[in-house]
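To keep things clear, I will list the structure first and then write my remarks on it.
Start at 1 with the first residue, then count along the sequence. Side-chain atoms are counted along with the backbone in the values below, which use heavy atoms only and exclude waters and symmetry mates.
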Amino acid sequence: MTDTVLDFASLLCSRLCHDLLSPVGAMSNGLELLVDEDDPNMRARCMELLQDSARAAADRLKFFRLAFGAAGGFGDEVATAEVRDVLAGLVRGNARVELGWMVEQPMIGKSAAKVLLNLAMVAFDALVRGGRLDIGAEAGEVVVRAEGPRLVLDAEIRGVLSGAGDPQTISSRTSAAWLVMKLARDAGGQITLSDDEAGVLLLGATMPEHVAG
């Protein structure tokens with residue numbers, strides 16, 4: 001295993017840890033409050049905080065396990081229902097974002113699933129004031145559409161997805177975008193993206209032979 005592969009793996013781990021810090025930290029705070037709290041109403045509120053934070057942490061772990069890891073069984077494909085469920089878990093933590101699922105086929109290639117999930121995460125993060133996130137897939141292509149009152153796509157992530165990024169400057173923030181580019185290119189495909197003007201952002205990937213028709 002090369003140092004480059006190890007460095008990339010460490011960056012993905014850094015991204016995962018960064019996203020888990022908030023719900024895990026909230027659980028820690030909730031436990032500290034619960035220890036010193038005697039009021040029944042406040043204790044009930046602490047328990048709600050712990051439950052919400054634990055659910056958010058579990059949802060994110062399930063998402064990252066499929067988006068970055070080797071979840072989905074031993075075959076070359078994964079059930080689209082599983083992809084939909086982990087994505088719904090990611091979005092569930094933000095009540096201002098509505099998820100639309102427009103994937104009809106029951107199975108999808110694992111590489112295409114990872115590309116879809118990571119593009120969806122990029123688009124989800126860009127919906128800084130909420131909005132709608134639509135997911136589609138058909139023969140050889142996955143598409144993510146984000147629409148909201150304000151869209152902000154990180155310039156470095158945009159550079160990576162457009163092919164203009166420098167591999168020497170990869171960071172934990174751009175690691176998911178680099179993973180998308182690598183998977184798409186290895187499949188003989190490419191990434192396409194639109195400008196985020198008029199409150200709409202389109203992200204797509206051609207994945208020949210990796211998305212069932």
Side-chain angles (χ1 to χ4, degrees), residues 1-21 59-80 82-87 89-91 103 107-127 133 135-137 140-146 152-194 196 201-211:
M1 184 175 291
T2 65
D3 289 343
T4 300
V5 173
L6 287 172
D7 290 343
F8 184 68
S10 69
L11 290 172
L12 285 179
C13 288
S14 294
R15 170 62 196 261
L16 187 153
C17 292
H18 175 272
D19 280 24
L20 285 175
L21 185 60
D59 285 340
R60 294 186 190 188
L61 280 172
K62 290 176 183 177
F63 179 90
F64 285 125
R65 183 169 174 259
L66 191 57
F68 292 163
F74 297 103
D76 295 328
E77 295 184 321
V78 61
T80 53
E82 183 176 356
V83 178
R84 179 197 61 212
D85 289 346
V86 298
L87 183 55
L90 178 73
V91 174
V103 181
M107 303 295 291
I108 188 173
K110 283 187 175 179
S111 291
K114 292 182 186 301
V115 168
L116 186 154
L117 288 171
N118 280 284
L119 287 179
M121 181 172 63
V122 169
F124 177 67
D125 290 343
L127 289 168
L133 184 65
I135 311 297
E141 186 176 11
V142 298
V143 178
V144 175
R145 182 181 186 274
V152 179
L153 178 59
D154 183 278
E156 291 186 26
I157 293 176
R158 177 179 286 279
V160 171
L161 292 176
S162 65
D166 182 356
Q168 301 302 318
T169 62
I170 184 173
S171 66
S172 60
R173 189 173 70 256
T174 60
S175 57
W178 280 107
L179 177 62
V180 166
M181 286 294 295
K182 172 66 173 170
L183 290 172
R185 288 176 177 175
D186 286 352
Q190 61 181 354
I191 304 297
T192 59
L193 70 161
S194 71
D196 49 2
L201 174 66
L202 291 173
L203 300 170
T206 54
M207 298 285 291
E209 302 180 3
H210 282 263
V211 182

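Within the 4.5 Å cutoff, no side-chain heavy atoms of Lys114 are placed close to those of Val78. Leu119 has its side chain out of reach of Leu193: every pair of non-hydrogen atoms, C-beta onward, lies at least 4.5 Å apart.
Atom CD1 of residue Ile191 and atom CE of residue Met207 lie 7.5 Å apart, to the nearest 0.5 angstrom. Rounded to the nearest 0.5 angstrom, Leu179 CG and Phe68 CZ are separated by 6.5 Å. A distance of 6.5 Å separates CG in Leu202 from CZ in Arg145, rounded to the nearest 0.5 Å. How far CG of Asp59 is from CG of Leu87: 11.0 Å, rounded to the nearest 0.5 Å. Once rounded to the nearest 0.5 Å, the distance linking CG of Leu61 with CG of Leu66 reads 13.0 Å. Between the NZ atom in Lys62 and the CG atom in Leu90 there is a gap of 13.0 Å [rounded to 0.5 Å].
Residue Ala123 comes nearest to Leu133 through the heavy atom pair CB-CD1, 3.6 Å, listed as atom of the first residue, atom of the second, then distance. Nearest approach of Ala120 to Ile135, heavy atoms of both residues: CB-CD1, 3.9 Å. When all heavy atoms of Leu117 and Phe63 are compared, the closest pair comes out as O-CZ, 3.4 Å. Between Val115 and Ala184, the closest heavy-atom pair is CG2-N, 4.4 Å. Across every non-hydrogen atom of Arg173 and Ile157, the tightest pair is O-CD1, 3.7 Å. Scanning both residues, Asn118 and Ala67, for their nearest heavy atoms gives ND2-O, 3.2 Å.
In this structure, Ser111 contributes its side chain and Leu183 its backbone to no donor-acceptor pair below 3.5 Å. A donor-acceptor pair under 3.5 Å links the side-chain atoms of Arg60 to the main chain of Asp19, judged by distance alone.
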If you apply the rule side-chain contact (heavy atoms from CB on, under 4.5 Å), what do you find for Ile108 with Val103, and how did you get there?
CA-CA 10 Å; Ile108 188 173; Val103 181; 5.7 Å; no

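A search for side-chain hydrogen bond (donor to acceptor under 3.5 Å, both in side chains) contacts involving Ser171 returns Thr174, not counting sequence neighbours.
Only one option out of Val142, Val180, Leu116, Val122 pairs with Leu203 in a side-chain contact (heavy atoms from CB on, under 4.5 Å); it is Val122.
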